[in-house]
Amino acid sequence: MNILLLGSGGREHAFAWKINKSAHCKTLWIAPGNAGTHALGQNISIAVDDFPAIRNFCLEQEVHLLVVGPEQPLVNGLRDFLAADPKTARIPIVGPGKAGAQLEGSKDFSKEFMRENGIPTASYATFTEDSLQEGINYLKTQNLPIVLKADGLAAGKGVLICASLPEAEASLKEMLVGHKFGEASSKVVVETFLEGIELSVFVATDGENYKILPEAKDYKRIGEKDTGPNTGGMGAISPVPFADADFMKKVEEKVVQPTIKGLKKAGIDFRGFLFIGLMNMKGEPYVIEYNVRMGDPETQAVLPRIESDFVELLQAIAEKKLEHYKLQTASTKTATVVMVAGGYPEAYEKGKIISGLEKPGPAQTITFHAGTKATDSGVVATNGGRVLGITGVGESTEEAIESAYERVNQISWEMVNFRKDIGQDILELGN
């Protein structure tokens with residue numbers, strides 16, 4: 001098969017790494033890719049939001065399967081754009097159309113979807129600049145802390161947890177009136193704070209059938225012990241010890257099945273991945289958010305645990321044949337540590353030369369590139385906030401963590417930063 005993969009992050013490098021292992025992959029293109037994907041296929045200089053260029057490339061190169069990594073092109077309607085052209089309408093695509101992508105593109109839409117389909121989630125209310133005073137009055141009636149979410153896409157940074165009423169009022173004004181997250185916060189969802197342990201559950205679906213992939217736990221805050229501002233993700237662990245068979249049965253019955261049924265009821269043909277951010281509250285699952293693609297960095301911890309052919313999975317999703325796919329998962333444990341640019345998630349510099357990539361790391365590690373770029377002189381430099389994701393694999397979580405950090409300590413660049421405590425909370429729970 002000729003496969004086109006869209007994206008340039010760690011998630012896409014992990015996809016390319018897994019796709020490249022399949023005998024079904026004849027040619028792999030990654031648009032635009034990074035310095036890591038370059039070794040697994042051919043990087044193509046096409047932006048993920050350049051729909052006409054993507055369409056033309058698919059036709060010129062006879063693409064048999066299009067895999068969309070990031071959320072932006074899905075929310076903006078890439079599938080709909082290609083379906084509207086008779087020449088590209090038949091190309092199998094992994095990723096939902098614009099209607100399904102609203103589950104991630106609009107927090108208000110997703111909360112209403114959960115309410116309509118009886119899916120457990122936090123109570124909420126939505127406000128705009130015109131209803132700012134109503135929002136402030138609403139805040140005064142709520143318990144603290146309180147959660148404020150930008151309705152639209154904000155690169156994983158549009159969620160604020162406010163510990164005091166003055167902070168919540170100021171943040172609501174800053175988001176709605178000050179446009180803190182741009183157009184994304186023209187509407188703000190105010191949610192009850194859920195107390196518990198977070199995890200991420202990933203579901204592959206062809207709109208009719210589904211497969212639940214290995215779960216993971218990610219680490220969103222920049223600082224150790226979950227301090228500081230939210231980031232796109234600083235690391236991940238898979239599996240999660242508290243996600244036992246009983247809990248996952250509840251997830252399947254109370255969340256996954258009603259979600260798939262709800263999409264069908266709404267007439268949404270959803271073919272792709274659903275990332276379900278969950279809170280385990282005293283053994284009960286509550287949905288924090290939906291994403292309409294695989295998570296990053298969780299993908300880098302999840303994909304190494306999938307033993308069955310990944311291209312067959314992608315093809316089954318796109319062609320509505322998922323009921324025939326047999327998902328096989330390894331019992332091994334994984335730990336991913338994200339190495340970021342100094343200053344991230346605030347302002348940071350690009351172009352720092354990365355050293356140590358050429359060193360042979362521990363056998364049980366995989367180095368996934370995210371914000372990297374090969375320079376004209378052939379060296380690899382930083383090209384984003386999250387630069388590398390180092391995944392360790394082991395028979396125990398402790399072994400996986402040790403392998404990941406052994407590799408992390410081989411690699412450096414000016415002002416490199418990473419969390420030193422990824423997975424420590426999991427070790428305390430028992431691995």
Side-chain angles (χ1 to χ4, degrees), residues 1-101 204 206-207 269-273 292-294 296 299 303 309-321 368-376 378 383-384:
M1 297 179 72
N2 297 329
I3 301 172
L4 174 60
L5 169 64
L6 298 185
S8 61
R11 168 185 46 233
E12 287 75 39
H13 190 183
F15 268 54
W17 171 79
K18 202 68 174 171
I19 289 169
N20 198 53
K21 290 178 178 292
S22 172
H24 298 293
C25 179
K26 177 187 171 189
T27 309
L28 174 63
W29 296 282
I30 309 96
N34 58 41
T37 60
H38 175 70
L40 298 167
Q42 188 178 344
N43 286 351
I44 304 297
S45 184
I46 297 176
V48 297
D49 57 357
D50 190 344
F51 292 1
I54 293 168
R55 176 192 59 201
N56 294 340
F57 186 86
C58 287
L59 293 172
E60 289 163 10
Q61 301 298 330
E62 297 182 3
V63 169
H64 301 132
L65 180 66
L66 173 61
V67 182
V68 186
E71 63 277 14
Q72 197 76 54
L74 296 171
V75 170
N76 290 344
L78 175 60
R79 174 184 274 276
D80 310 76
F81 176 84
L82 295 175
D85 186 332
K87 293 178 183 176
T88 52
R90 291 180 174 272
I91 295 173
I93 302 171
V94 177
K98 199 167 189 175
D206 62 6
D269 182 16
F270 193 107
R271 305 188 204 186
F273 293 102
V292 296
R293 36 72 190 183
M294 288 292 283
D296 193 354
T299 302
L303 291 199
D309 189 286
F310 192 60
V311 170
E312 289 178 9
L313 172 63
L314 297 172
Q315 195 174 6
I317 291 168
E319 296 179 359
K320 275 194 175 293
K321 296 176 180 175
F368 291 118
H369 290 240
T372 65
K373 186 176 183 179
T375 66
D376 293 338
N383 193 44

- request: Quick one: closest heavy-atom pair of Ile317 and Asp206, and the distance?
  value: O-CB, 3.4 Å
- prompt: Hey, is the main chain of Gly95 close enough, under 3.5 Å, to the side chain of Arg293 for a donor-acceptor pair?
  reply: no
message: Please find the pair of heavy atoms, one from Trp29 and one from Asn2, that lie closest to each other, and give the distance.
response: CZ3-CB, 3.6 Å
- prompt: With respect to Met1, which candidate in Thr27, Ile19, Val311, Leu28 satisfies the side-chain contact (heavy atoms from CB on, under 4.5 Å) definition?
  reply: Val311
query: What orientation do Phe273 and Phe310 show, parallel under 30°, tilted 30 to 60°, or perpendicular over 60°?
result: parallel
message: Please determine whether side-chain contact (heavy atoms from CB on, under 4.5 Å) holds for the pair Ile44 and Ile30, giving the CA-CA distance in whole Å, both sets of side-chain angles, and the decisive distance to 0.1 Å.
response: CA-CA 6 Å; Ile44 304 297; Ile30 309 96; over 6 Å; no
Donor-acceptor contact present, side-chain Lys18 to main-chain Leu303, <3.5 Å: yes
- prompt: Out of curiosity, Ile91 CD1 to Asp85 CG, how far, rounded to the nearest 0.5 Å?
  reply: 8.5 Å
query: Tell me, do Thr37 and Trp17 make a side-chain contact under 4.5 Å, heavy atoms counted?
result: no
query: Shortest non-hydrogen contact from Val48 to Ala31?
result: CG1-O, 3.7 Å
message: Looking at Asp269 and Lys320, is there a salt bridge between them, counting it only when a charged N and a carboxylate O are closer than 4.0 Å?
response: yes
query: Do you know which two heavy atoms are closest between Ala47 and Ile54, and how far apart they sit?
result: O-CD1, 3.9 Å
task: Decide if atom NZ of Lys373 counts as having more than 12 heavy atoms of other residues, nucleotides or ligands within a radius under 6.0 Å.
output: no
- prompt: Going through the distances and angles, do Leu82 and Ile93 end up as a side-chain contact (heavy atoms from CB on, under 4.5 Å)?
  reply: CA-CA 9 Å; Leu82 295 175; Ile93 302 171; 3.8 Å; yes
- prompt: When rounded to the nearest 0.5 angstrom, what distance separates OG1 in Thr299 from CE in Met294?
  reply: 4.0 Å
message: Arg79 vs Arg271, test: side-chain contact (heavy atoms from CB on, under 4.5 Å). Steps then yes/no.
response: CA-CA 10 Å; Arg79 174 184 274 276; Arg271 305 188 204 186; 3.7 Å; yes
- prompt: Just checking, is any N or O donor in the side chain of His24 or Glu312 under 3.5 Å from an acceptor N or O on the other one?
  reply: yes
message: For Phe51 and Asn76: C-alpha separation, side-chain torsions, deciding distance, then whether side-chain contact (heavy atoms from CB on, under 4.5 Å) applies.
response: CA-CA 10 Å; Phe51 292 1; Asn76 290 344; 3.9 Å; yes
query: What distance separates Leu314 CG from Ile3 CD1, expressed to the nearest 0.5 Å?
result: 7.0 Å
task: Indicate the atoms forming the closest heavy-atom contact of Ala14 with Phe368, along with that distance.
output: CA-CE2, 3.5 Å
query: Do the side chains of Val68 and Val94 get nearer than 4.5 Å, heavy atoms only?
result: no
- request: First locate atom CD of Glu71, then atom CG of Asp296, and finally report the distance between them rounded to the nearest 0.5 Å.
  value: 9.5 Å
task: Please step through side chain to side chain donor-acceptor pair (under 3.5 Å) for the pair Thr372 and Asn383, ending with a clear verdict.
output: CA-CA 5 Å; Thr372 65; Asn383 193 44; over 6 Å; no
task: Starting at NE2 of His64, measure out to SG of Cys58 and round the result to the nearest 0.5 Å.
output: 11.0 Å
- prompt: Distance only, no hydrogens: is a donor on one side chain within 3.5 Å (strictly under) of an acceptor on the other, for Asn34 and Ser8?
  reply: no
message: Is there a side-chain contact between Phe81 and Pro52 in this structure, where contact means two heavy atoms from C-beta onward sitting under 4.5 Å apart?
response: yes
query: Checking Glu319 side chain against Ala316 main chain: does a donor-acceptor pair fall under 3.5 Å?
result: no
field: Ala318 versus Pro92, closest heavy-atom pair with distance
entry: CB-CB, 3.6 Å
Interatomic spacing from CZ in Phe57 to CG in Leu66 - rounded to 0.5 Å: 10.5 Å
